[in-house]
Amino acid sequence: TNDATYPYYKFSQLLRDAGLVDIANQSLNFLVGLRCVAFVPTNEAIETAAVAGKIPGVGTDGQVTDPTTLAAYLKCYFVPTEDNGLTTYPYIGSGVNGEYGSMLYYSDGTSINRVPLQIIDNGSKLSVQLGMPMFGITSPAVVDVVPDFDYLPFAYGDGGVHYINGVL
């Protein structure tokens, strides 16, 4: 979106700047035909993380310095539902709790795997965590889902979205 009043504006701009948006078809070019759950950092979370140098491929001034690295990093925020056997979106008590493969692939030398994303339901809140060290992040942070909507995702025909209060 180009509307800065939306809480996901900055995330959508990062997706665009990383070359992941097909503007003509109004879609994300790596998600065509897939249903996903997306964990989207709020504008404030992105601003804070950029200044602290915590977004791979983005400088502390908020400008994209490496679109390829940024694109890879942003794919970690998306979890395809069918590929992970998800029949519902995560909410407190949904049973969606554990490690799920994101949209970023990696090779361990013998096979190709999805980078894991931990979805954590502790019974009173939801959180997410990058499931392995990547992009120079040696100790991935646990990031809480924004509770403003009772931990329920926004549901769309092609997926669900949770806002998170930090970056992975």
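Reckoned from all heavy atoms, side chains included, excluding hydrogens, waters and symmetry mates. Residue numbers count from 1 along this sequence.
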- Query: Just by distance, do the side chain of Asp22 and the backbone of Ser27 share a donor-acceptor pair under 3.5 Å?
  - Reply: no
- Task: Please lay out, stage by stage, how Val96 and Leu86 fare under the test side-chain contact (heavy atoms from CB on, under 4.5 Å).
- Result: CA-CA 8 Å; Val96 178; Leu86 294 173; 3.8 Å; yes
- Task: Just jot down the side chain to side chain donor-acceptor pair (under 3.5 Å) partners of Tyr106, sequence neighbours excluded, or say none.
- Result: none
- In terms of hydrophobic clusters joined by side-chain contacts under 4.5 Å, are Val21 and Leu31 together? yes
- Task: Locate the shortest heavy-atom distance separating Leu117 from Cys76; write the atom from each residue and the value.
- Result: CD2-O, 3.8 Å
- Identify the heavy atoms of Asn97 and Ile119 that sit nearest to each other, and give their distance. OD1-O, 3.0 Å
- Can you name the residues that form a side chain to side chain donor-acceptor pair (under 3.5 Å) with Ser127, not counting sequence neighbours? Asp144
- Sorted by first residue and then second, give each ring-ring contact (aromatic ring centres under 6.0 Å, His included) pair with at least one member in residues 107-149; sequence neighbours left out. Tyr73-Phe135, Phe149-Phe154
- Message: Could you go through Leu168 and Tyr77, starting from their C-alpha distance and side-chain angles, then the distance that decides it, and tell me whether this counts as side-chain contact (heavy atoms from CB on, under 4.5 Å)?
- Response: CA-CA 8 Å; Leu168 299 174; Tyr77 288 85; 3.5 Å; yes
- Task: Hey, could you give me the CG/OG1 distance between Asp148 and Thr42, rounded to the nearest 0.5 Å?
- Result: 9.5 Å
- Is there a donor-acceptor contact under 3.5 Å from the side chain of Thr81 to the main chain of Cys36? no
- Message: Within this structure, what is the CG-CG distance for the pair Asn29 and Leu15, rounded to the nearest 0.5 Å?
- Response: 9.5 Å
- Can you tell me how far CG of Leu14 sits from NZ of Lys10, rounded to the nearest 0.5 angstrom? 8.5 Å
- Message: Which heavy atom of Lys75 sits nearest to which heavy atom of Ser102, and what is that distance?
- Response: O-CB, 3.9 Å
- Rounded to the nearest 0.5 Å, how far apart are CG of Leu34 and CD of Glu82? 7.0 Å
- Task: Work out which heavy atom in Ile164 is nearest to a heavy atom in Val146; give both atom names and the distance.
- Result: C-CG2, 3.8 Å
- Message: What I'd like to find out is whether the side chain of Arg114 reaches to under 4.5 Å of the side chain of Asp83, using heavy atoms alone.
- Response: yes
- Task: Taking side chain to side chain donor-acceptor pair (under 3.5 Å) as the test, write out the residues that go with Thr69, two or more places apart.
- Result: Asp66
- Item | Connected via hydrophobic side-chain network under 4.5 Å: Ile23 and Phe30 | yes
- Item | Atom of Pro90, atom of Pro153 and distance for their closest heavy-atom approach | O-CD, 3.7 Å
- Query: Does any pair with a residue in residues 152-162 pass side chain to side chain donor-acceptor pair (under 3.5 Å), and if so which ones, sequence neighbours excluded?
  - Reply: none
- Flag, side chain of Asp121 to backbone of Gly93, donor-acceptor distance under 3.5 Å: yes
- Message: Are Phe39 and Tyr163, when compared by the centres of their aromatic rings, separated by less than 6.0 Å?
- Response: no
- side chain to side chain donor-acceptor pair (under 3.5 Å) involving Asn122 - partner list, sequence neighbours excluded: Ser124
- Query: Does Leu74 share a hydrophobic cluster with Tyr6, counting links as ILVMFWY side-chain heavy atoms below 4.5 Å and allowing steps through other members?
  - Reply: yes
- Task: Could you tell me whether a side-chain N or O of Thr48 sits under 3.5 Å from a main-chain N or O of Ala45, the two making a donor and an acceptor?
- Result: no
- Would you sort out whether Ile120 and Val142 count as a side-chain contact (heavy atoms from CB on, under 4.5 Å), showing the intermediate values? CA-CA 9 Å; Ile120 305 157; Val142 174; 4.2 Å; yes
- Task: Determine, using the 4.5 Å side-chain heavy-atom cutoff (strictly less than), whether Ile137 and Val115 are members of one ILVMFWY cluster.
- Result: yes
- Query: So do Pro41 and Val167 actually touch side chain to side chain, heavy atoms under 4.5 Å?
  - Reply: yes
- Determine whether Met103 and Pro80 make a side-chain contact, defined as any pair of heavy atoms from C-beta on separated by less than 4.5 Å. yes
- Indicate if Val161 and Leu104 have the same hydrophobic cluster label, given that clusters are the connected sets of ILVMFWY residues with side-chain heavy-atom separations under 4.5 angstrom. yes
- Within 6.0 Å of CD in Glu44, more than 12 heavy atoms from elsewhere: no
- Message: Working to the nearest 0.5 angstrom, can you tell me the gap between Glu99 CD and Gln129 CD?
- Response: 10.0 Å
- Message: Ignoring hydrogens, what is the shortest heavy-atom contact between Gly95 and Tyr100? Give both atom names and the distance.
- Response: O-OH, 4.2 Å
- Query: Can you check whether Arg16 reaches Phe11 side chain to side chain, under 4.5 Å on heavy atoms?
  - Reply: no
- Message: Measuring only between side-chain heavy atoms, which start at C-beta, is Val51 closer than 4.5 Å to Thr60?
- Response: no
- Query: Distance from Asn25 atom CG to Leu28 atom CG, nearest 0.5 Å?
  - Reply: 11.5 Å
- Message: Using a 6.0 Å cut-off, check whether atom CD of Gln26 has over 12 heavy atoms from anything other than its own residue.
- Response: no
